[in-house]
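The block underneath contains the structure these notes are about, expressed in structure tokens.
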Amino acid sequence: ISALHLNCQPSTDWHLKENAKEHHTSKFSSEELIVRRGQAFTITFNGTERPEQNLIFIAETGPKPSKTTKTLATFDISSTASKEGWSAVLQSTSSNSVSISISSPHNAVIGRYRLSVQSGSSSPAVLGTFVLLFNPWSSGDDVFMPNKAECEEYVLEEFGMIFAGNKNRISGFGWNFGQFQGDTLNICLSILDRSLYYRQDPVTDVSHRHDPKYLGRVLSAMVNANDDQGVVLGNWSGKYEGGKNPSSWTGSGEILQSWKKSGFKPVKYGQCWVFAAVLTTVLRCLGIPTRTITNFSSAHDADGNLRVDEYYDADGNHLEKGADSVWNFHVWNESWFTRNDLGPSYSGWQILDATPQEPSGGIYQCGPASRYAIKEGEVDLDYDVTFVFAEVNADSMYWNYDSATGKKTLIFSKSTEIGTSISTKAVGRDDRVDVTSDYKYEEGSAKERDIFKKARKKLGLEDKFDPTAPKLEEIEQKPDISGKFKVAGSLEVGKDLNLLLVLENLQSDAKTVNVNMTAWSTLYTRKRVNQIWKDSMSVTLAPKEEKQFPIKIKYPEYQQQLTTDKTIQVTALCHVEDGIQVLVKRNITLDDPAIDIQVLGEAKVNKEVVVEVAFTNPIDAEVKDCVLQVEGSDLLQGILELR
């Protein structure tokens, strides 16, 4: 096809509105063209006169574009769009302009491109830049998601729900992901260009940006500040001087803007839901379908033996001993893409975790771990399947530890404690959806135990315990009594905490039990902070008898000890005469007082609306220096604070 001869620097019409509508990028507020790969977009440029030779287009990205790294493409005008590479199809011409439909391949490198055009032997003329993203609406893309409603939720939805609390009391809170707001896209591209991978080898790094599993792993490292001066600095100390309490963030936008404005210094501070929410923003922005997942009673198996050890002293105090831990909840991400490296069965939802828990490959990154591989116990597959498998399916080992002698005695073990009520937001609604069955077979079933044994065997652990652990028959020794804590009354900040300790004699002879009880304020990671209360008692239980013992912890007792996580761990270590010890524990999360919101009058776009916010002080004391913080995508410019 003959083309137009360029006689000056062309001016380009990027057809921003039309292309954005076709490419599902209308929500971006940008004067730059933003399109998705594997799909045609139209541009018109002028500064031309009638033709002599063919037009050649040049699309390039990265620091040293080349054809071998697929960061440089040259292509002329053809009659049809190519399915394999870049192509241009002539749409129309006039006396001084030409309209071209340009297509990129389904596996093109994503990022900012420079587009140039050359006619004959003249030098290339730069038409401008555009940004190319992943395309979950295109069947050839690795991130293709056939369900359009899920595409809307996991790519285009800017507001979401994150679940927290504990397995007995699940709560949810809103989060403004804001992936299309302001210059979020530019910040996301900056994150990629500041990664360790880019700094070590920028050419190779950019050439791998066609691959969602590579990009997901890079970003799981960059969202935390460990190793690479990434976006968010984690802090689980309970003390947040010099930064913001992690629970005070309500959206990703403020965090990403702060990171940029500070000259890319880590933002203080974050905990797991903050890392997961920011990673959701970045991945959705780049076009990878992503959601947050909350795992309740989440194991942190530091030594990789698929068992978590918890230690208690004779008084029932939870000891900070060993690197293993169990968190009330932990939030990570699932992203949707194919796993060409593993095979079709392992495609679909992949776990990524930006919370810096354990190094992987020498740096704090986690995933992508195939969710299917986790359910099937395929712990030898890339990436970090062992760690995530343990988070949802480790066995719990509870020990009594004598610090004077260094002796540890197993109280009991439990295989059904870890990984409960695994939760995510419903598509199109704020409801909670339970996805536990997607991570493991029914807890306690023969299939679930077989998978657990399979995983241990793959790790070379077979079904044996460590040499320091007790014999199997000791583990299976049955207790003489059982116990549990029941809640009697409301669980609200500002109210007394009323519990019942229920003890039942399982034997047909009487039992004398010495009970040591403690209550500690904790972080959501169950790290102890302050002791609130302790007590002890001796009780006799008649054969098969059940007794209830009321416990009241008054608000003034815990008021000053409570952390901003509002969590309390109550334990009772029961020493049965001539029997084995029984540990009874409960992790309690207190609810904040409610905020009631009423919209007064009709709410219309571009019209002022009055909203009434009502808050009732739940305690018998004056509360000072209150701040009301309001945030909403496309509703408010930034964050509104009322003092």
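Note that this is a predicted model, so its numbers are computed, not measured.
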Cationic N near anionic O, under 4.0 Å, E378 to K454: yes
Short side-chain to backbone donor-acceptor contact, D324 and A302, under 3.5 Å: yes
Any donor-acceptor pair under 3.5 Å from S521 side chain to N530 backbone: yes
Main-chain N/O of W273 paired to H330 side chain as donor or acceptor, under 3.5 Å: no
Point-to-point distance, once rounded to the nearest 0.5 Å, from CE of M517 to CG of N317: 12.5 Å
Pair E334 + R371, salt bridge at N-O below 4.0 Å: yes
Main-chain N/O of F177 paired with T281 side-chain donor or acceptor, under 3.5 Å: yes
Distance (rounded to the nearest 0.5 Å) between L461 CG and R307 CZ: 8.0 Å
Donor-acceptor contact below 3.5 Å, side chain W249 vs main chain Y269: yes
Smallest separation among heavy atoms of V388 and C366, with atom names: CG2-SG, 4.2 Å
Atom of S370, atom of V385 and distance for their closest heavy-atom approach: N-CG2, 4.5 Å
K239 backbone acceptor or donor facing N235 side chain under 3.5 Å: yes
Where at least one partner belongs to residues 425-436, residue pairs that pass side-chain hydrogen bond (donor to acceptor under 3.5 Å, both in side chains), sequence neighbours excluded: E153-K425, S423-R432, R429-D431, D434-T436
Donor-acceptor side-chain pairing of N505 and E545 below 3.5 angstrom: no
Distance-minimising heavy-atom pair for I619 and G494: CG2-CA, 3.4 Å
Note: K495-E492 ion pair, threshold 4.0 Å (strictly below): yes
Spacing of L306 atom CG and T386 atom OG1 [to the nearest 0.5 Å]: 7.0 Å
Test side-chain hydrogen bond (donor to acceptor under 3.5 Å, both in side chains) applied to E358 - qualifying residues, sequence neighbours left out: H300
N295 side chain vs E391 backbone, donor-acceptor pair below 3.5 Å: yes
T571 versus T518, side-chain donor and acceptor atoms under 3.5 Å: yes
Derivation of the side-chain contact (heavy atoms from CB on, under 4.5 Å) call for I595 and V613: CA-CA 7 Å; I595 297 176; V613 179; 3.4 Å; yes
Sole residue of T589, T420, N328 in side chain to side chain donor-acceptor pair (under 3.5 Å) with N166: T589
Ring geometry between Y312 and H318 (parallel below 30°, tilted from 30 to 60°, perpendicular above 60°): parallel
Donor-acceptor pair between N176 and S252 side chains, under 3.5 angstrom: no
Under-4.0 Å salt bridge between K414 and E443: no
Salt bridge (charged side-chain N to carboxylate O under 4.0 Å, His left out) evaluation trace for R217 with D384: CA-CA 11 Å; R217 190 160 174 80; D384 306 307; 3.0 Å; yes
Geometric class of the F296/F329 ring pair [parallel <30°, tilted 30-60°, perpendicular >60°]: tilted
Side-chain H-bond candidate by donor/acceptor type, Y372 with Q350, under 3.5 Å: no
With D395, the salt bridge (Lys or Arg N to Asp or Glu O under 4.0 Å) member among K453, R456, R449: R449
SB check R169 D591 (cutoff 4.0 Å): yes
Test item: R586 side-chain N/O and F485 main-chain N/O as donor-acceptor pair under 3.5 Å: yes
Residue pair N498 / K552, side-chain donor-acceptor N/O under 3.5 Å: yes
Any donor-acceptor N/O pair, Q365 side chain to S360 backbone, under 3.5 Å: yes
Y441 six-ring centre to K375 NZ/CZ under 6.0 Å and within 45° of normal: yes
Q629, CD atom: more than 12 neighbouring heavy atoms under 6.0 Å: yes
Reported CD1-to-CD1 distance for the pair I293 and I422, which is rounded to 0.5 angstrom: 8.0 Å
Over all atoms of both residues, closest heavy-atom pair of I553 and I532: CG2-CG2, 3.7 Å
cation_pi(K321, Y401) dist<6.0 Å, angle<=45: yes
Rounded distance (nearest 0.5 Å) linking atom CD1 of I170 with atom OG1 of T294: 8.5 Å
Polar side chain donor-acceptor pair, T290 to S335, under 3.5 angstrom: yes
Evaluation steps, side-chain contact (heavy atoms from CB on, under 4.5 Å), between L503 and L541: CA-CA 8 Å; L503 299 178; L541 298 173; 4.1 Å; yes
Rounded distance [0.5 Å steps], OG in S298 versus CD1 in I418: 7.5 Å
K458/D380 salt bridge by N-O under 4.0 Å criterion: yes
Parallel, tilted or perpendicular: ring planes of W327 versus Y524, cut at 30 and 60 degrees: perpendicular
Greater than 12 external heavy atoms within 6.0 Å of D509's CG: yes
Residue pair R526 / K585, side-chain heavy-atom distance below 4.5 Å: yes
Salt bridge K167-E417, side-chain N to carboxylate O under 4.0 Å: yes
Worked check of side-chain contact (heavy atoms from CB on, under 4.5 Å) between T355 and N224: CA-CA 7 Å; T355 301; N224 69 66; over 6 Å; no
Exam field: side chain S347 to backbone R339, donor-acceptor pair closer than 3.5 Å: yes
Six-ring centre of W236, K527 cation under 6.0 angstrom, axis tolerance 45°: no
Six-ring centre of W349, R291 cation under 6.0 angstrom, axis tolerance 45°: yes
Short side-chain donor-acceptor distance under 3.5 Å, N245 and T564: yes
CA sep, side-chain torsions, deciding dist, call: Q271, D565, side-chain contact (heavy atoms from CB on, under 4.5 Å): CA-CA 11 Å; Q271 291 173 356; D565 290 357; 4.2 Å; yes
Parallel, tilted or perpendicular: ring planes of Y311 versus W399, cut at 30 and 60 degrees: parallel
